[in-house]
Amino acid sequence: MRVATWNVNSVKQRKARFLPWLDERLPDVVCLQETKLADDAFTALLGDDLAERGYQVALNGEVQWNGVALLSRVGLDDVVRGLPGGPGFPHQEARAVSATCGGVRVHSVYVPNGREPDSDHYRYKLDWLAALRDAVHRGPEAVVVCGDINIAPTDADVFDPAAFAGHTHVTEPERAALTALLDLGLRDVVRDRWPDERVFSYWDYRAGMFHQDLGMRIDLVLAGAPVADRVAAAWVDRKARKGTGPSDHAPVVVDLDTAPDGDIGPVVPPPSARGRTGKLPQSRGR
DNA sequence: ATGTCACGCCGAGCGTGA
């Protein structure tokens, strides 16, 4: 089972990059962040394209900012939108959606940026992370938290720690909030796979930062032990950051080996085995 | 001192967010 997460920075602006990427990488589960689109507009934009490819869709979007999605072709059950009891700014924003896909509880999250240390938005970020921890804590051990976490776990996850001193994404309270989440038994599977490599997932659009590989690793896949033990590959898809019209984030891709009991969840037949339209039933999720 | 994008707004360029 291939799980991918990608902050697309507007799915409307990214459609021409997203669909070819989907057809090349063929992920079974896709977590999207910063879709920047209300749910009806998302469905109008991509509903048919995703149904043709066998994906069910769970959405939590809003008109202008934020927005997350969860796509799955290995089942999409028990969808939860948002973080129950989570904080707002001031209202609850569209930053989380979760569902059970192929036997794994999958969370697609877009953690608040924090803007400036000790700002209202920074405190909101810490509160939001605490609510995420609570939600994961209440759920099963077979869990994966995927998304734009907006925290560089260590100084090795930024191109120059000195350049980030006093800024968000690297402060002790943010890292402590991430550690509290990891302490539930989650593992940062990309760092586990590449312990000593320079691995970034985000590069500012400005100043040729990508070209110089001056980035940060803030898009993470955090897996509970039953999932982390199945990781066969974990990597950042830098190719998706190249060329024209990219997001400022690259996708993170994780392959899971077959579960110990051999249950890989519902299997979607290939297009040739489908009906005349090549389409599968749509998700009933809004 | 954001070398960039993307958003709404309603018709262009500005304020906001990252």
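Chain letters run A, B, ... following the sequence lines, proteins first and then strands; every chain starts at 1.
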K.L.:
I'd like the P distance from B/dC10 over to B/dT16, given in whole Å.
P.N.:
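Between the two P atoms, the distance is 16 Å.
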
K.L.:
Tell me whether A/Asp229 is salt-bridged to A/Arg187, with the criterion being a basic N under 4.0 Å from an acidic carboxylate O.
P.N.:
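Yes, charged N to carboxylate O under 4.0 Å.
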
K.L.:
Is there a donor in the side chain of A/Asn7 and an acceptor in the side chain of A/Glu34, or the other way round, less than 3.5 Å apart?
P.N.:
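Yes, because at least one side-chain N or O of A/Asn7 sits under 3.5 Å from a partner of the opposite role on A/Glu34.
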
K.L.:
At less than 4.0 Å, is any side-chain N or O atom of A/Arg115 found next to OP1 or OP2 of B/dT16? Yes or no.
P.N.:
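So the side chain of A/Arg115 is outside the cut-off, no N or O lying under 4.0 Å from OP1 or OP2 of B/dT16.
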
K.L.:
Rounded to whole Å, please give me the gap between OH in A/Tyr122 and C1' in B/dA18.
P.N.:
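After rounding, the reported distance stands at 18 Å.
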
K.L.:
Rounded to the nearest angstrom, tell me the gap between atom CG in A/Asp120 and atom P in B/dG17.
P.N.:
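Taking atom P of B/dG17 as the reference, CG of A/Asp120 is at 13 Å.
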
K.L.:
Between A/Tyr124 and A/Ser119, is any side-chain donor less than 3.5 angstrom from a side-chain acceptor?
P.N.:
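No, no side-chain donor-acceptor pair sits under 3.5 Å.
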
K.L.:
Return no unless some side-chain N or O of A/Gln64 is found under 4.0 Å from OP1 or OP2 of B/dC9.
P.N.:
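No.
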
K.L.:
Figure out the CZ/P separation between A/Phe18 and B/dA6, and round it to whole Å.
P.N.:
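Roughly 16 Å, once rounded to whole Å.
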
K.L.:
Measure NZ/A/Lys36 against P/B/dT16 and give the value in whole Å, please.
P.N.:
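Atom-to-atom, A/Lys36 to B/dT16, this comes out as 16 Å.
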
K.L.:
Would you say A/Ser10 reaches B/dC7's phosphate, i.e. side-chain N/O to OP1/OP2 under 4.0 Å?
P.N.:
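The answer is yes; a side-chain N or O of A/Ser10 sits under 4.0 Å from OP1 or OP2.
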
K.L.:
Both A/Tyr205 and A/Asp148 contact DNA chain B. Taking the nearest nucleotide for each, which residue is further toward the 5' end?
P.N.:
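The 5'-side residue here is A/Tyr205.
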
K.L.:
If we count only N and O atoms by modelled type, under 3.5 Å, do the side chains of A/Asn9 and A/Ser247 hold a donor and an acceptor together?
P.N.:
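Result is no, nothing qualifies.
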
